[in-house]
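Data block below; observations after.
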Amino acid sequence: MFLEIDFKSDLPIYEQIRRGIIIGLSKGQIKPGDKLPSVREMAENIGINLHTVNKAYKLLETDGVLTMDRRFGSLVSGGNYPMKDFDSEKMTSELDLLIAIAKLKGLSEEEFIDHINKKWENKND
């Protein structure tokens with residue numbers, strides 16, 4: 001498994017999963033069309049509650065990185081994977097994460113701004 005979870009980190013586990021998957025995509029460890037482990041399987045592998053994994057997957061679906069379907073599971077959406085100029089050490093804030101997602105998805109500057117605005121609106125609802 002490409003994910004490394006730090007149970008002592010201040011960063012919530014669901015966010016570590018989310019970032020880990022984005023880093024995996026950026027490094028080419030995960031590719032478009034790949035099927036991720038089921039929520040239950042991922043939770044068992046890590047040793048955490050399945051609701052934590054579900055929250056991470058739902059965020060990734062909202063980000064446009066995953067497509068979730070009961071029949072087919074969680075599939076990686078198409079995008080610009082891997083990213084040659086990606087530096088996971090610099091991904092420290094939510095904005096850094098959103099920029100990485102925008103680059104992965106190949107969004108233009110205008111599309112990126114729309115993406116940020118939608119994320120902001122959803123947080124304030």
Side-chain angles (χ1 to χ4, degrees):
M1 176 60 71
F2 57 89
L3 287 175
E4 293 181 27
I5 303 299
D6 179 0
F7 291 98
K8 295 179 182 176
S9 173
D10 290 336
L11 195 62
I13 293 171
Y14 72 87
E15 188 62 31
Q16 291 183 52
I17 294 168
R18 179 180 177 216
R19 290 172 187 237
I21 290 171
I22 291 168
I23 290 168
L25 286 165
S26 301
K27 292 182 176 180
Q29 297 167 325
I30 310 169
K31 296 174 180 43
D34 282 357
K35 184 176 177 183
L36 293 182
S38 70
V39 168
R40 188 175 308 281
E41 184 180 349
M42 177 78 80
E44 288 174 3
N45 288 342
I46 299 172
I48 59 174
N49 188 298
L50 64 95
H51 296 294
T52 303
V53 176
N54 192 50
K55 185 171 184 175
Y57 278 21
K58 287 290 187 188
L59 285 170
L60 288 164
E61 183 178 37
T62 301
D63 293 332
V65 174
L66 289 183
T67 302
M68 295 175 65
D69 185 300
R70 286 204 256 166
R71 298 167 294 167
F72 305 112
S74 300
L75 302 173
V76 177
S77 302
N80 297 327
Y81 316 126
M83 288 183 352
K84 293 175 181 66
D85 62 343
F86 183 76
D87 183 0
S88 61
E89 299 299 318
K90 293 182 180 177
M91 194 171 64
T92 57
S93 70
E94 180 69 13
L95 180 58
D96 296 329
L97 185 65
L98 291 173
I99 290 169
I101 291 167
K103 286 181 180 180
L104 286 168
K105 292 172 59 177
L107 297 179
S108 68
E109 186 174 333
E110 185 177 297
E111 291 168 324
F112 172 70
I113 291 169
D114 287 343
H115 182 73
I116 296 291
N117 286 335
K118 286 178 187 169
K119 294 290 274 185
W120 181 257
E121 288 169 8
N122 289 340
K123 278 191 173 186
N124 291 322
D125 283 345

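Predicted model only: the values in this text are computed from it and were never measured. Values below: all heavy atoms of this structure, side chains included; hydrogens, waters and symmetry mates excluded.
- Nearest heavy atoms, E4 versus Q16: O-OE1, 4.0 Å.
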Side chain to side chain contact (heavy atoms under 4.5 Å, CB included) between Y14 and N49, worked out: CA-CA 10 Å; Y14 72 87; N49 188 298; over 6 Å; no
Below 3.5 Å, can you tabulate the donor-acceptor pairs from side chains in residues 65-75 to any protein atom, sequence neighbours excluded?
from	atom 1	to	atom 2	distance (Å)
T67	OG1	S77	OG	3.2
D69	OD1	R71	N	2.7
D69	OD1	R71	NE	3.3
D69	OD1	F72	N	3.4
D69	OD2	R71	NH2	3.1

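- Nearest heavy atom pair, residue I17 against residue L3, reads O-CD2, 3.8 Å.
- Annotation for E15 and L59: closest pair OE1-CD1, 4.3 Å, computed over non-hydrogen atoms.
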Could you go through residues 32-42 and list every donor-acceptor pair under 3.5 Å that involves a side-chain atom there, pairing it with any protein atom two or more places apart or in another chain?
from	atom 1	to	atom 2	distance (Å)
D34	OD2	K31	N	2.8
S38	OG	E41	N	3.0

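- Between the CD1 atom of I13 and the OG1 atom of T52 there is a distance of 6.0 Å, given to the nearest 0.5 Å.
- Sorted by first and then second residue, the pairs that involve residues 48-60 and meet salt bridge (Lys or Arg N to Asp or Glu O under 4.0 Å), not counting sequence neighbours, are K58-E61.
- The hydrophobic clustering, which links ILVMFWY residues whose side-chain heavy atoms are closer than 4.5 Å, places L50 and I48 together.
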